[in-house]
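To start, the structure under review is shown below, and the notes come after it.
Small disclaimer: the values here were computed from a predicted structure and weren't measured.
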Amino acid sequence: NLEEADLFVYSGAGMEHWADDVLASLETKRLVSAEASAGLTLRPGHSHDEEEHEGAEEHAEEEEHDRGQFDPHVWLSPVNAKKEMENIKNAYVKADPDNKDYYEDNYKTYAVRFDELDQEYKDTLSALPGKSIVVSHEAFGYLCDTYGLTQMGIAGLSPDTEPDPARMAEIIDFVKTNHVKVIFFEELVSPKVAETIAAETGARTRVLNPLEGLSDEELKNGADYFTVMEDNLKQLKRRLNKNRNRSTEDGCRCSERTGFFLWKYPDIKEHQFYHPRGPVCGPAGAKRGRKKHPVKAHAGGTSVKWTKGQN
């Protein structure tokens, strides 16, 4: 029990909404407590959770407001996670000063790994054309802020809420407008809503782990923060490399994942080509394509659709 403990570590930022009350109720004076997120710049909580709970009892709304004041998912940015580790290390040193060198050495070892992970995320994500992700709930705000991405959450900060029809329509429009090809969900939450949106938009579903809990099998296989974050980066790299829509000077808009080509001219409103192996823009396209762009040749294949425009 906490009265007999030497050290109590909690994430903070509203994740453990009960922590302050519990700590205030303790009689022990020797317990060292550490809020891992102390000193970090916190993102404000999102309004979706509050909107979806309109009409609830007043005390429930107040509790939700207190819990949703900040986004608690600070650890999903490796930069933040390193700072959390430092806060935890300092608490261990305070609680057990005789072993200070041991804690300091461990911190230095893992600080290097956090720096390497951060650099890997920077190098990988900065080079990708896609910058928008759709996720089951808005857990990835700190990661997105750190690496220049934009997230659209199906639910708000809580994974247990479901979007209303207006929110669903907003997400579907976002997916189509930003050419998002993958809807991310998490293993510990039902993928039902993500699958519905994917079906409406032609997208696929894949797992992006918010590290809110690991399964027994994952723990058995040695999963930890670094392995999960590396897997997340692989998923982002694969999917964001496909979420792109390039424009050329002559107005061609190519979606490389589907192999469809769309462009507009005075006499041709929309001209689509399909090629099973994806598009090839430029001179090489003339070798495959049966039709030619007025300026550049594009991959053709056998499926061709013309829509005549009005002058």
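Looking at Pro78 and Tyr147, their side chains come closer than 4.5 Å, going by heavy atoms from C-beta outward. At a threshold of 4.5 Å between non-hydrogen side-chain atoms, the residues Ile197 and Met168 count as touching. Taking 4.5 Å as the limit, every side-chain heavy atom of Val32 sits out of range of all side-chain heavy atoms of Phe8. Side-chain contact between Leu2 and Thr28: absent, with no pair of heavy atoms (C-beta onward) separated by less than 4.5 Å. Residues Leu240 and Leu149 are in side-chain contact: their nearest non-hydrogen atoms beyond the backbone lie under 4.5 Å apart. Looking only at side-chain heavy atoms (C-beta outward), Leu40 and Glu84 come within less than 4.5 Å of each other.
Gln151 and Cys144 make their closest contact through CB-SG, 3.8 Å (heavy atoms, listed as atom of the first residue, atom of the second, distance). The minimum heavy-atom distance between Glu3 and Leu26, with the atom names listed, is OE2-CA, 3.5 Å. The shortest heavy-atom contact between Thr205 and Ala194 is CG2-O, 3.8 Å. Here the closest heavy-atom approach between residue Leu42 and residue Tyr142 is recorded as CA-OH, 3.5 Å. Across every non-hydrogen atom of Val228 and Ala223, the tightest pair is CG2-CB, 4.4 Å. Across Leu7 and Ala95, no two heavy atoms sit closer than the pair CB-CB, 4.5 Å.
Going from atom CD of Glu104 over to atom CG of Asn106 covers 10.0 Å, rounded to the nearest 0.5 Å. Here CH2 of Trp75 is found 8.5 Å from CG of Leu211. Values are rounded to the nearest 0.5 Å. In this structure, OG on Ser77 lies 7.5 Å from CE on Met229, to the nearest 0.5 angstrom.
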Just do the side chain to side chain contact (heavy atoms under 4.5 Å, CB included) check on Tyr121 and Asn232 with the steps written out, would you? CA-CA 10 Å; Tyr121 263 78; Asn232 281 347; 3.6 Å; yes
Checking side chain to side chain contact (heavy atoms under 4.5 Å, CB included) for the pair Leu214/Asn209: CA distance, chi angles, key distance, verdict? CA-CA 9 Å; Leu214 296 177; Asn209 196 328; 4.0 Å; yes
Check the pair Ile183, Ile154 against side chain to side chain contact (heavy atoms under 4.5 Å, CB included), reporting the backbone distance first and the verdict last. CA-CA 9 Å; Ile183 312 299; Ile154 296 173; 3.8 Å; yes
Intermediate values then yes/no, side chain to side chain contact (heavy atoms under 4.5 Å, CB included), Thr227 and Asn221: CA-CA 10 Å; Thr227 62; Asn221 292 331; over 6 Å; no
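Heavy atoms from other residues, nucleotides or ligands lying under 6.0 Å from CD of Glu217 number 12 at most. Atom CG of Asp216 sits in a sparse spot, with 12 or fewer heavy atoms from other residues, nucleotides or ligands closer than 6.0 Å.
Looking at residues two or more places apart in sequence or on another chain, you find no side chain to side chain donor-acceptor pair (under 3.5 Å) involving Glu86. With sequence neighbours excluded, no residue forms a salt bridge (charged side-chain N to carboxylate O under 4.0 Å, His left out) with Glu120. For Lys108, the salt bridge (charged side-chain N to carboxylate O under 4.0 Å, His left out) test picks out no residue, with sequence neighbours left out. With sequence neighbours left out, the salt bridge (charged side-chain N to carboxylate O under 4.0 Å, His left out) criterion links Glu16 to no other residue. Scanning for ring pair (Phe, Tyr, Trp, His ring centres under 6.0 Å) contacts around Phe114 gives Tyr225, Phe226, with sequence neighbours left out.
Judged by distance alone, the side chain of Asp96 and the main-chain N or O of Tyr92 form no donor-acceptor pair under 3.5 Å. Looking only at distances, a side-chain donor or acceptor of Glu218 sits under 3.5 Å from a matching main-chain atom of Ser215. Checked by atom type and distance alone, the side chain of Asn80 pairs as donor or acceptor with a backbone atom of Val74 at under 3.5 Å. In this structure a side-chain-to-backbone donor-acceptor pair under 3.5 Å is present from Lys131 to Leu125. For the pair Asn87 (side chain) and Ala38 (backbone), a donor-acceptor distance under 3.5 Å is present. Within the 3.5 Å criterion, the main-chain N or O of Met85 finds no donor-acceptor partner in the side chain of Tyr107.
Note on residues 24-36: pairs passing salt bridge (charged side-chain N to carboxylate O under 4.0 Å, His left out), not counting sequence neighbours, are Asp6-Arg30.
Salt bridge absent: Lys192 and Glu195 never bring a charged side-chain N and a carboxylate O closer than 4.0 Å.
A side-chain N or O of Glu212 and one of His73 form a donor-acceptor pair less than 3.5 Å apart.
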